[in-house]
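Here the structure comes first, spelled out in structure tokens, and everything after it is commentary.
Keep in mind that the numbers below use all heavy atoms, side chains included, and drop hydrogens, waters and symmetry copies. Given the structure is predicted, the values throughout are model-derived calculations rather than measurements.
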Amino acid sequence: MNRTFSIIKPDATQRNITGSINKIIEDNNLTIVAQKRIKLSREKAEGFYAIHKEKPFFNDLIDYMTSGPVIIQVLEGDNAVEKYRKIMGSTNPENAEEGTIRKKHALNIQENSVHGSDSEENAKIEISFFFNENEIISN
């Protein structure tokens, strides 16, 4: 049993499809053990995405991620990181497999509805960036 981090992005919260995304997560044997709806400040978004600071899309990414509320989540299950990455689908929804979150819900490469950690190490970092351990309640 391990954990991964998820963000349901502004395009998805604005379209009111968080329930549909959560259903896909839960139908694939991941448990949502913590969840908060927040509005990212520019400072918090820039800190979270600091790895991309030198990339040309950085400012657009920050503008997008601060454009509306997001749902941040801690997911738990066997091989949680790997499983969630498969459930999310390819970053480009045109290349995503049928049944994945991004194939079903993404609008384009940037507005692709969800973010998920890319490794167990990054999952721990990302979870601790947003959650205190006492906010995460495992079954």
Please report the C-alpha distance between Glu76 and Met1 in whole Å, then the side-chain angles of each, then the deciding distance to 0.1 Å, and finally whether the side chain to side chain contact (heavy atoms under 4.5 Å, CB included) criterion is met.
CA-CA 7 Å; Glu76 192 172 79; Met1 212 50 107; 3.9 Å; yes

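- Panel note: side chain Arg85, backbone Gly116; a donor-acceptor pair is recorded below 3.5 Å.
- With Ile24 as reference, Ile101 is the one residue of Ile101, Leu30, Thr100 to meet the side-chain contact (heavy atoms from CB on, under 4.5 Å) rule.
- A cation-pi arrangement, defined by a distance under 6.0 Å to the six-membered ring centre and an angle within 45 degrees of its axis, is absent between Lys9 and Tyr64.
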Between Phe5 and Phe130, does the ring pair (Phe, Tyr, Trp, His ring centres under 6.0 Å) criterion hold? Intermediate values first, please.
CA-CA 10 Å; Phe5 178 74; Phe130 288 104; 5.4 Å; yes

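- The side-chain heavy atoms of Gln35 and Ile72, taken from C-beta on, include no pair separated by under 4.5 Å.
- Looking only at distances, no side-chain donor or acceptor of Glu126 sits under 3.5 Å from a matching main-chain atom of Ala123.
- Shown here are the side chain to side chain contact (heavy atoms under 4.5 Å, CB included) partners of Asn92, two or more places apart in sequence or in another chain: Ser90, Glu94, Asn95, Ile109.
- Between Ile7 and Ile71, the closest side-chain pair of non-hydrogen atoms is not below 4.5 Å.
- In summary, Glu26 and Lys83 do not engage in a salt bridge, as defined by a charged side-chain N under 4.0 Å from a carboxylate O.
- Classification of the Phe48-His115 ring pair by plane angle, with boundaries at 30° and 60°, yields perpendicular.
- Enclosure of atom NZ in Lys124 is not indicated, since only 12 or fewer non-hydrogen atoms of other residues, nucleotides or ligands lie within 6.0 angstrom.
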If you apply the rule side-chain hydrogen bond (donor to acceptor under 3.5 Å, both in side chains), what do you find for Asp11 with Ser113, and how did you get there?
CA-CA 6 Å; Asp11 70 277; Ser113 300; 3.0 Å; yes

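- Residues Tyr84 and Asn28 form no side-chain contact, since every pair of their non-hydrogen atoms from C-beta on lies 4.5 Å or further apart.
- Two residues are said to be in side-chain contact when any heavy atoms from C-beta on lie closer than 4.5 Å; Thr91 and Asn112 meet this criterion.
- Shown here is Lys23, whose NZ atom has no more than 12 heavy atoms of other residues, nucleotides or ligands within 6.0 Å.
- Listed by first and then second residue, the side chain to side chain donor-acceptor pair (under 3.5 Å) pairs involving residues 44-54 are Arg42-Glu46, His52-Lys55 (not counting sequence neighbours).
- Using a 4.5 Å heavy-atom threshold, the side chains of Leu75 and Thr31 count as separate.
- Using a 4.5 Å cut-off on side-chain heavy atoms (C-beta onward), Asn22 and Ile8 make contact.
- Here the closest non-hydrogen pair linking Ala45 and Thr66 is CB-CG2, 3.8 Å.
- Around atom NZ of Lys86, no more than 12 heavy atoms belonging to other residues, nucleotides or ligands sit under 6.0 Å away.
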